[in-house]
Each structure stands twice: as C-alpha cells, then as structure tokens.
Amino acid sequence: MARVFVTRRLPEGGTDPLLAAGHQVLGRDDDRAPSADELVAAARTADAIVCLLGDRIDGTVLRAGASGTLRVVANVAVGFDNVDIAAAADHGIVVCNTPGVLEDTTADLTFLLILAAARRAHEAASDLRAGLWDGWGINQYLGTDVFGATLGLVGYGRIGRAVARRAHGFAMSVLHHCRRATGEAGYVADLETLLRQSDIVSLHVPLTPETHHLIDAGALALMKRTAVLVNTARGPVVDEAALAGALHAGRIFAAGLDVFEHEPAVDAGLLSTPRAVLLPHIASASQATRTKMARLACAGAVAVLAGTIPPNAIETTVPGAGRAP
Ligand code: GLV
C-alpha cells in the first residue's frame, strides 16, 4: 500500500483508481490550495502526489520528494507548466497529465467564447441586467459574424483539432499554425500570416518559454481591427497588459479569455473593457470531464506505483526516455 497525497478534494469518484488499488489517500478534503511548505512536507512522506494546475510542484518540492520515496506526480490537467518537468526527470520522478479526456469539453467552451466575444454577448447581457436596455434597436450591439469567418488556430493538438471540427459546422475557413508542418489543408507556416488573415484567432499551445507572450503588442498589431482573440490555453501566452491596451484602443474587436497571466488576479484593464468576455478557467469544467480527468491522473499514479509506465506519462520524465544515452 502506497501513500498518495491528493492536494484537494477531487470530483466524486475521482480517487477510485487509488482506492481500488488499495492505496492510502492522504490530503485535505477541501478546495483550499496547499501552501508551498505543506507541499514540501507532503512530498517528503508520499509515494505519489496527485495535484491540480494551481499547485506549484517546483524543484524544492521534487527534491523533498526525492529525499523520500516520491515516484510519481500526477497533474489533474492536460497542461503541466506548474510542474518542473526537468527537475522531476532529474530525480527520476514520473509526471502524468490528463490527455484525451477534455478536448471536446474545452472545445465547446472555446466556441462559447468565440460566439460571446464576436456577438458582444457579455456587454449586452450586462446592460440588460443593469436595466440599461430600453428596447430593440437596429444599431445595438452589432457584432461580427462567426459563420463563414476565417478561424486561425495557434497550436493544432487535440484541442485545436476539436475546435476545428466545430468550426466546420459554422462554415468557417480554418487555418492552423504549429511548429511542425502538419501537411494538412489550412497549415500556415508563419504565425504572422495567420494573425493577418484570421477573423478569429484561438490559442491552443502549451505554456513554454517559447510561447510566453507569444501574443504581444506586436502580434496584436498584425491582427485585423475586426478580429477576435480567444485564449483557453494558458494566460501567460498573451501579454495581458498589451491585450487590454489593444481592446481599449479598438485595435482589435474583442477577446474571450478563460485563462489569465496571474491567476486568480485579472488585469484591471481587462476587467474595465466590455469587449472582453472573461471566464474563471472553466474550459474543462463539466462534471463528467472533471471526473474523467481526476480518474485518469489517479490511474497514472497507480500504474507508476505498480512499476509500469502509463500512456499519460510525460515522455521526458519516463526514466531513460528523451535523453542522450
Ligand atoms: C486546464 O487548463 C488543463 O490544462 O487541463
């Protein structure tokens, strides 16, 4: 029986794989984030950690784990920028994530943001609730059409592709950009061209040093004045201050954001513009998907504890993989 530290209360049934394997589940049964000290203390005595994207599993936590018996960190998220992957690999600690279960839920929410931002839904709904709507008007809340528009996907992994599938139902032309040529219709080798040509730009890249502030003031300046930017990836992919400036200046039409640079803080300039639709990082938040994510992460931990490498292990953290022999 291994000791598994689960950093928060997971959706009901989420820890089932751990319990079925007979492991001891430790940790708080609430939604409060553990402090850095709590994580270090837990890492010293745990064989596995199941964590969320708001938990920083940095070098200090992993070193503490390596001084004990920590073998696996399973992140209940597909993005894993909160885990120091290089340090984990150095300490022989395998990291798992949750690919393959949240794409459709995330793509649905991406479309919600595309539609809400393009059609000024937030602005219109806020006015209605504030009692500011005085009846139908032919010039009210004029947005931009989503059907038939050109959608530029930055990043073309599972989530980008799920968004593309939905876009075809809206008769959109879909472009995509990613580091490696896909050989598929709509591939655009350089980001600048995609930004210039798209009516809607949607971000689906992981956060890495290369993608930090990928969309900065220069990138925003390349977009059409009528364009909409949507971010369901990670906040720091966008320079938030630059985006707020572009929205206030009417440099682009609108933005739909589910993620922020310094979560849970949100840039004051974004909060003050009606042209930003802002959601609190809920792209994967359906009951079914969050349960699947929790189970997949826990199943990854169970597999590593049993001495096997599950398909949801991050390759570079698998002992012997991705490194020079
Ligand atoms: C959510 O943001 C995730 O990475 O799963």
Side-chain angles (χ1 to χ4, degrees), residues 6-11 13-15 17 31 33 49-58 72-85 88 94-114 153-163 178 202-212 214-215 229-238 240 255-266 270 277-301 310-317:
V6 181
T7 62
R8 326 272 175 102
R9 180 162 49 99
L10 297 182
T15 54
D31 292 331
I49 294 178
V50 176
C51 58
L52 304 191
L53 58 84
D55 302 322
R56 287 225 72 73
I57 309 295
D58 58 14
V72 53
V73 171
N75 203 35
V76 187
V78 73
F80 48 84
D81 45 281
N82 57 311
V83 183
D84 186 336
I85 295 298
V94 177
V95 178
C96 299
N97 68 339
T98 62
V101 295
L102 52 73
E103 298 60 43
D104 284 312
T105 303
T106 301
D108 282 355
L109 189 111
T110 302
F111 248 87
L112 182 156
L113 286 174
I114 290 173
L153 299 169
V154 181
Y156 203 51
R158 288 186 176 94
I159 298 173
R161 286 168 189 271
V163 174
C178 46
S202 189
L203 306 176
H204 302 287
V205 288
L207 175 62
T208 64
E210 292 74 41
T211 62
H212 182 266
L214 185 68
I215 304 299
L229 176 71
V230 168
N231 188 8
T232 53
R234 282 291 181 269
V237 174
V238 176
E240 232 166 51
L257 307 175
D258 184 50
V259 288
F260 302 92
E261 259 197 276
H262 308 288
E263 293 178 13
V266 179
L270 289 177
V277 182
L278 309 173
L279 293 178
H281 206 148
I282 57 167
S284 64
S286 75
Q287 185 77 46
T289 293
R290 287 281 167 87
T291 302
K292 283 186 205 160
M293 290 166 67
R295 288 198 177 134
L296 180 58
C298 289
N312 59 323
I314 308 297
E315 202 184 325
T316 56
T317 66

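Ligands are counted one by one from 1 in listed order, and the atoms in each one are counted from 1 as well. Since the structure is predicted, the reported quantities are computational estimates derived from the model, not experimental observations.
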Undergrad: Strictly below 4.0 Å, N to O, side chains only: are Arg8 and Asp31 in salt-bridge contact?
TA: no

Undergrad: Once ring-ring contact (aromatic ring centres under 6.0 Å, His included) is applied, do any residues pair with Phe111, and if so which ones, sequence neighbours excluded?
TA: Phe170

Undergrad: Of all residues at least two apart in sequence or in a different chain, which pass the side chain to side chain contact (heavy atoms under 4.5 Å, CB included) check with Thr291?
TA: Pro11, Gln287, Arg295

Undergrad: Glu103: which residues meet the side chain to side chain contact (heavy atoms under 4.5 Å, CB included) condition with it, sequence neighbours left out?
TA: Arg158, Ile159, Ala162

Undergrad: Can you list, by chain and residue number, every protein residue with a non-hydrogen atom closer than 4.0 Å to ligand 1?
TA: Leu53, Ala77, Val78, Gly79, Leu102, Arg234, His281, Met293

Undergrad: Would you say the side chains of Thr232 and Thr110 form a donor-acceptor pair under 3.5 Å?
TA: yes

Undergrad: Please check: side-chain N/O of Glu261 versus main-chain N/O of Gly235, any donor-acceptor pairing under 3.5 Å?
TA: no

